[in-house]
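Read the structure below first, then the notes.
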Protein chains: 2
Amino acid sequence: MVTDTATAGRALPHPEREQIRLESVLHALSDPMRLQIVRELAVREAELTCSQFDLPVTKSTSTHHFRVLRESGVIRQVYRGTAKMNGLRRDDLDGLFPGLLDSLLAAADRQSGRLRAGG
Amino acid sequence: MVTDTATAGRALPHPEREQIRLESVLHALSDPMRLQIVRELAVREAELTCSQFDLPVTKSTSTHHFRVLRESGVIRQVYRGTAKMNGLRRDDLDGLFPGLLDSLLAAADRQSGRLRAGG
DNA sequence: ATCGTAGTTTGACATCCATCGTAGTACGAG
DNA sequence: CTCGTACTACGATGGATGTCAAACTACGAT
């Protein structure tokens, strides 16, 4: 039943670093749900399972968003047992677009604070 | 008689600086056509008319893209006679999200060079 | 073997989006 | 007033997107 990649679990397609397209990254981050996921991944600085995020959508929709993030090269997903660990591809993004991720995260933080303060 | 600033015939709705949303900016820039427009505006550092861009789409589509950029707060559009001048809202964007625009432009430049080199 | 947990897949649906063509509007020059 | 230029508005269309519900798969624990 289990394939020969048993310990690694199922294989998930990721773009190579060189294949990551800026437009796809921006598109991935232009969704509030996905931006929230990325912000949380960045602040925790750890790999998180999908279910550790408290997203106001169903599981199917979560799956969809995580896949968009993975296929655009923003996160890396790895199976560990029944869980699926999600990690930010910080090295790849920083290598490709130095400073971009930090600017984006800072911008998101700023806006978040601004919205919280100004209503 | 050509007046300096106020032709003021048609007024175009722009979001105030505080109304600009990061997600909308990212969405606006996630389209290749619009990213190209913004890059050109940035490198020229001047206001350009719509027709000064050499976009591989029809005029209707151009109008659409410029409107998305304006409504997201990335560019400012002003009528001058029959022409429509387009300018990057650098001050507003830098004020809201310091460093973001430059990081994005640098990322776009990098990718452009990478794609040109690696075919 | 059975079960529960975690996530996937499929199908459906409403919406949005990029694009086009054609017809229309605004403005300056003659 | 008429004409050309520059851009807009409208309608259409094919494709992507976000969302859900329901059925399904994979894995660890009991």
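Computation of the quantities below employed the complete heavy-atom set of this structure, encompassing side-chain atoms and omitting hydrogens, waters and symmetry-equivalent molecules. Proteins come first, then strands; the chains are lettered A, B, ... in the order of their sequence lines, and each starts at number 1. Predicted model only: the values in this text are computed from it and were never measured.
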Separation of atom OH in B:Y79 from atom C1' in C:dG28, rounded to whole Å:
15 Å
Could you check whether atom CZ of B:R17 has more than 12 heavy atoms from other residues, nucleotides or ligands sitting under 6.0 Å from it?
yes
Determine the contact category for A:T49: base if any of its heavy atoms lies under 4.0 Å from a base atom, sugar-phosphate if only primed atoms, P, OP1 or OP2 are that close, otherwise nothing.
sugar-phosphate
Between D:dG18 atom C1' and A:F66 atom CZ, what is the distance in whole Å?
15 Å
Without decimals, in angstroms, what is the distance between A:L29 CG and D:dT17 P?
14 Å
Along nucleotides 15-20 of chain C, 5' to 3', which nucleotides get a B, which get an S, and which get a -, given that the test is a protein heavy-atom distance under 4.0 Å?
--SSBB
Sugar-phosphate, base or nothing in reach of A:S51, heavy atoms under 4.0 Å:
sugar-phosphate
pair A:R39-A:L105: side-chain heavy atoms closer than 4.5 Å
yes
B:V78 and B:L12, any side-chain heavy atoms less than 4.5 Å apart:
no
Rounded to the Å, how far apart are A:E47 CD and C:dG7 P?
13 Å
Under 4.5 Å between any side-chain heavy atoms of B:R70 and B:P13, yes or no?
yes
Within this structure, what is the CD-to-P distance between B:Q77 and D:dA6, rounded to whole angstrom?
16 Å
When you check the side-chain N and O atoms of B:R67 and B:T63, is any donor under 3.5 Å from an acceptor?
no
Can you give the dot-bracket line for DNA chain D, where a pair is Watson-Crick or G-U wobble with both atom distances under 3.5 Å, crossing pairs use [ ], and | marks a partner on another strand?
||||||||||||||||||||||||||||||
Starting from C1' on D:dC20, measure out to CG on A:L55 and report it in whole angstrom.
15 Å
Rounded to whole angstroms, how far apart are CD on B:Q52 and P on D:dT5?
16 Å
Measure across A:P15 and A:S72 and return the closest heavy-atom pair with its distance rounded to 0.1 Å.
CG-C, 4.2 Å
Grab the two heavy atoms, one from A:L29 and one from A:L35, that are nearest each other, plus how far apart they are.
O-CB, 3.7 Å
Atom CE of A:M85 and atom P of C:dA6: how far apart are they, to the nearest Å?
12 Å
What's the shortest heavy-atom distance between A:N86 and A:F66, and which atoms?
OD1-CD2, 3.3 Å
Under the rule for side-chain contact (heavy atoms from CB on, under 4.5 Å), what residues qualify as partners of B:S51, not counting sequence neighbours?
B:T49
